Amino acid sequence: MLQVYNTMTRQMEPFKTIEPDVVKMYVCGPTVYNYIHIGNARSAVAFDTIRRYLEFCGYRVDYISNFTDIGDKLTRTSASENISVAAVAAKYIAYFDEDTAALNIKPATFHPRATDNIPDIISFIEDLIAKGYAYESEGDVYFRARRFKDYGELSHQSLDRLEVGASERTADEETARKEDPIDFALWKGQKADEVAWDSPWGAGSPGWHIECSVMSGKYLGETIDIHGGGEDLAFPHHENEIAQSEAHTGKKFVNYWLHNGFVTIGNDDEKMSKSLGNFITAHEALQKFDHQALRFFMSATHYRRPIRYTEAAIEEAQNEVQRFKIARANLLYRRKDSQAGSDAKITALVADYRKKFITAMDDDFNVQNGLAVVHEFVGEMNQYAVAEAVHLDSLIDLVQQLEAFLLIFGVDLTVTESLDSDVADLIVQRDAARANKDYATSDAIRDELAQRGVVLEDTPQGTRWRLK
RNA sequence: GGUGGUAUAGCCAAGUGGUAAGGCAUGGGUCUGCAAAACCUUGAUCGUCGGUUCAAAUCCGAUUACCACCUCCA
């Protein structure tokens, strides 16, 4: 049975869905004013990996992830790039799609955008005002945090101990409009040059937190199974979402809160973030590294642990992916001399490893232990690949199981590679030279192909090739 | 000031009481015409100090270092 670590209770809990076989999952998406960086990508990868494992286990996952397409940051990009705010959003959403596709992150079931949900946001806020949880102040609307009895429950903060302004990101003018410094904005009156919508409180735009509450409720329902995001969002973002949503519905908002760890960079293991300016965009990294290696690098670390971004680590991930690919290819190469049918031993072995893998992953998506099982499985595959006699169905069983395991990590091993026809000809020529023991010629051809990125390997069944 | 997290071999890292999984890298070996791939093999007593226990990386106490959050950063 799957156990997950719930930030709310700080404990492992058995995972039980609201509806059988369906997981309702919401993951906080990016503000689309720039390329996503490696840290943003890690979050998307972490939850994509979780989603894929849930699907592997047979769940249907209704996965919603938003785009925040309004706010100061878009306004600033709009000015610096001299395009409209809508164009900024469209541009960076397109890059988001491109980069996440390159990382083999499945698109969300739906990607709602804040600007497409303004009427719902306004009526949600009106309800909070009607219930006494919110108040208007000079064109802004704020949430009375202290009125919500469980405020601080998720992050386990005591309201009286919070250090006001510790993040140094709050504006004094805004604080002055609040009844209490911990109150947070639901609606913000229009400032000069900002995109704004009409509302009962005048022209303005939604606060940051409200969009997630509204869209989660609208697309998944009042209570959902999983809400995910970076651990920096636990407070205040998710805390505020809980307050808004539960004040609004009177029901529990989320059953399991999952938070991913950061990507760190540099000798001090500092968090990679846009505000610190120490970030590398996914777009840049994808140009530099093999896409699958980069994806595997991120999904092969447990989602709650930090990942240190280094080139050496990504290259190591590439070696590991290579090992999986070679194991698969070497097994498929044996189809040519295989017998029909299957080996009972292999059938049992595949079922056994599948079970071991699930046991490992059921422990809060323990990918390290899951991968240890996969590596042992690969060892078995490699031994079968050199067995004297092999059976076709068993070859296929092994290969398909490996593919299924790796797909959870976002690595698609079935991407096919092909040879140029002249390369194929050269391989034939080399085989002829070897048959005549003309090793000077055969080695020259092998060297030439190596230059072109084609590796040749001689086996008892013939010469097999792979791309380097 | 408050709240969390992390510290295990060269590197990544699993492991919540019984004599340290797995991977990458390295050295050696087998196989090969030579290679490659594969297989076999090679290494740590777990930040520091103290305690509990027959037994601790695992429990308790102290301590050090680093990271993060405390109103819009995944």
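What you see is a predicted model; the values in this text were computed from it and never measured. Reminder, nothing fancy here: chain letters follow the sequence lines and each chain counts from 1.
- For the pair A:Tyr151 and A:Ser155, nearest-nucleotide mapping onto RNA chain B gives the more 5' position to A:Ser155.
- Across the C1' atoms, B:rG18 and B:rA37 are found 40 Å apart, a figure rounded to whole Å.
- Remark: P of B:rG15 and CG of A:Asp364 are 10 Å apart, rounded to the nearest angstrom.
- A:Ser155 and A:Glu239 form a side-chain donor-acceptor contact under 3.5 Å, judged by distance and modelled atom types alone.
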For this session: For the pair A:His283 and A:Tyr95, evaluate ring pair (Phe, Tyr, Trp, His ring centres under 6.0 Å) and give the outcome as yes or no after the intermediate values.
Result: CA-CA 8 Å; A:His283 211 71; A:Tyr95 279 126; 5.1 Å; yes
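- A ring-centre distance under 6.0 Å is found for A:His111 and A:Phe96.
- Aromatic pair A:His248/A:Phe124: centroids less than 6.0 angstrom apart.
- Between the side-chain ring of A:Tyr439 and the base of B:rG33, a stacking contact exists by the 5.5 Å and 30° definition.
- With a cut-off of 3.5 Å on both Watson-Crick or G-U wobble distances, the partner of B:rA7 is given as B:rU64.
- Between the C1' atom of B:rC70 and the CD atom of A:Glu239 lies a distance of 11 Å, rounded to the nearest Å.
- For the pair A:Glu231 CD and B:rC70 C1', the interatomic distance rounds to 14 Å; values are reported in whole Å.
- Using a 4.0 Å heavy-atom cutoff across all strands shown, A:Asn366 reaches sugar-phosphate atoms only and no base atom.
- Residue-to-nucleotide contacts include no donor-acceptor pair under 3.5 Å from the side chain of A:Lys73 to the base of B:rC73.
- Formation of a donor-acceptor pair under 3.5 Å by the A:Asn278 side chain with backbone atoms of A:Ser273 is found in this model.
- The distance from atom CH2 of A:Trp257 to atom P of B:rU3 is 22 Å, rounded to the nearest whole Å.
- Atom pair A:His259:NE2 and B:rU3:P shows a separation of 19 Å (rounding to whole Å applied).
- If you check B:rU32 for Watson-Crick or wobble pairing at under 3.5 angstrom, you find it has no partner at all.
- When the P atom of B:rA74 is taken as reference, atom CG of A:Asn260 falls 11 Å away, rounded to whole Å.
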Can you name the atoms? Protein N/O to nucleotides 35-41 of chain B N/O, anything below 3.5 Å, with the distance.
residue, atom, partner, partner atom, Å
B:rA35, N6, A:Asp458, O, 2.9
B:rA35, N1, A:Asp458, N, 2.9
B:rA35, N3, A:Arg446, NH1, 3.0
B:rA36, O2', A:Glu457, OE2, 3.0
B:rA36, O2', A:Arg466, NH2, 3.3
B:rA37, O4', A:Glu457, OE2, 3.2
B:rA37, O2', A:Asn330, ND2, 2.9
B:rA38, O3', A:Asn382, ND2, 3.1
B:rC39, OP1, A:Asn382, ND2, 3.1

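- The side chain of A:Lys271 approaches B:rA68 more closely than any other nucleotide in the set B:rC72, B:rG22, B:rA68.
- The interatomic distance linking A:Ile182 (CD1) with B:rC72 (P) rounds to 14 Å, in whole Å.
- One finds no side-chain N or O of A:Asn240 lying less than 4.0 angstrom from the OP1 or OP2 phosphate oxygen of B:rC72.
- As judged by a 4.0 angstrom heavy-atom cut-off over every strand, A:His37 is placed among the base-contacting residues.
- In this entry B:rU45 has no Watson-Crick or G-U wobble partner, no candidate having both defining distances under 3.5 Å.
- When each of A:Asn319 and A:Glu270 is assigned the nucleotide of RNA chain B bearing its nearest heavy atom, the one mapping closer to the 5' terminus is A:Asn319.
- What separates NE2 of A:His375 from C1' of B:rA14 is a distance of 13 Å, to the nearest Å.
- At the heavy-atom level, A:Gly229 lies under 4.0 Å from the strands shown only through sugar-phosphate atoms.
- The environment of NZ in A:Lys336 is crowded: more than 12 heavy-atom neighbours from other residues, nucleotides or ligands sit within 6.0 Å.
- Across B:rG47 and B:rU42, the matching P atoms stand 25 Å from one another, rounded to whole Å.
- Using N1 to N3 plus N6-O4 or O6-N4 for Watson-Crick, or N1-O2 and O6-N3 for G-U wobble, each under 3.5 Å, B:rA74 pairs with nothing.
- Contact annotation for A:Val263: base contact, defined as any heavy-atom pair under 4.0 Å involving a base atom.
- At a threshold of 4.0 angstrom between heavy atoms, the contacts of A:Gln157 include nucleobase atoms, whether or not backbone atoms are also involved.
- The closest side-chain donor-acceptor pair between A:Tyr384 and A:Asp343 falls under 3.5 angstrom.
- Looking at A:Asp183 and A:Tyr135, their side chains do bring a donor and an acceptor atom within 3.5 Å of each other.
- Comparing the P positions of B:rA20 and B:rG61 gives a spacing of 26 Å, expressed to the nearest Å.
- A:Ser137 places no side-chain N or O within donor-acceptor distance of the main-chain N or O of A:Asp140, the cut-off being under 3.5 Å.
- Closest of all the heavy-atom pairs between A:Thr301 and A:Pro306 is CG2-O, 4.0 Å.
- The backbone N or O of A:Gly139 lies less than 3.5 Å from a partner atom in the side chain of A:Glu136, making a donor-acceptor pair.
- B:rA56 and B:rG15 have their C1' atoms separated by 13 Å, given to the nearest Å.
- In this structure, the ring of A:His291 has its center no less than 6.0 angstrom from the ring center of A:Phe296.
- In this structure, A:His259 has its ring center closer than 6.0 angstrom to the ring center of A:His238.
- Across all strands, A:His237 comes closer than 4.0 Å to no nucleic acid atom at all (heavy-atom distances).
- By the 6.0 Å and 45° rule, A:Arg76 does not stack over the aromatic ring of A:Tyr33.
- The side chain of A:Glu320 approaches B:rC24 more closely than any other nucleotide in the set B:rC24, B:rC72, B:rU71.
- Atom P of B:rC66 sits at a distance of 24 Å from the matching atom of B:rU71, rounded to the whole Å.
- In this structure B:rA37 sits in no base pair that meets the Watson-Crick or G-U test at under 3.5 Å.
- Nucleotides B:rU48 and B:rA14 place their C1' atoms 24 Å apart, quoted to the nearest Å.
- Taking side-chain N and O atoms only, A:Asn34 has no distance below 4.0 Å to OP1 or OP2 of B:rC73.
- For the C1' atoms, the distance from B:rA44 to B:rU19 is 14 Å, rounded to whole Å.
- Counting any heavy atom pair closer than 4.0 Å across all strands shown, A:Asp268 reaches sugar-phosphate atoms only and no base atom.
- Comparing the C1' positions of B:rA74 and B:rA38 gives a spacing of 41 Å, expressed to the nearest Å.
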Report, one pair per line, the protein and nucleotides 4-8 of chain B atoms (nitrogen or oxygen only) whose separation is under 3.5 Å.
residue, atom, partner, partner atom, Å
B:rG4, OP1, A:Arg10, NH1, 2.6
B:rG4, O5', A:Arg10, NH1, 3.0
B:rG4, O5', A:Arg10, NH2, 3.2

Pairwise N/O distances under 3.5 Å, protein to nucleotides 16-21 of chain B:
none

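- The cationic atom of A:Arg51 (NZ for Lys, CZ for Arg) lies less than 6.0 Å from the six-membered ring centre of A:Tyr63 and within 45° of the ring axis.
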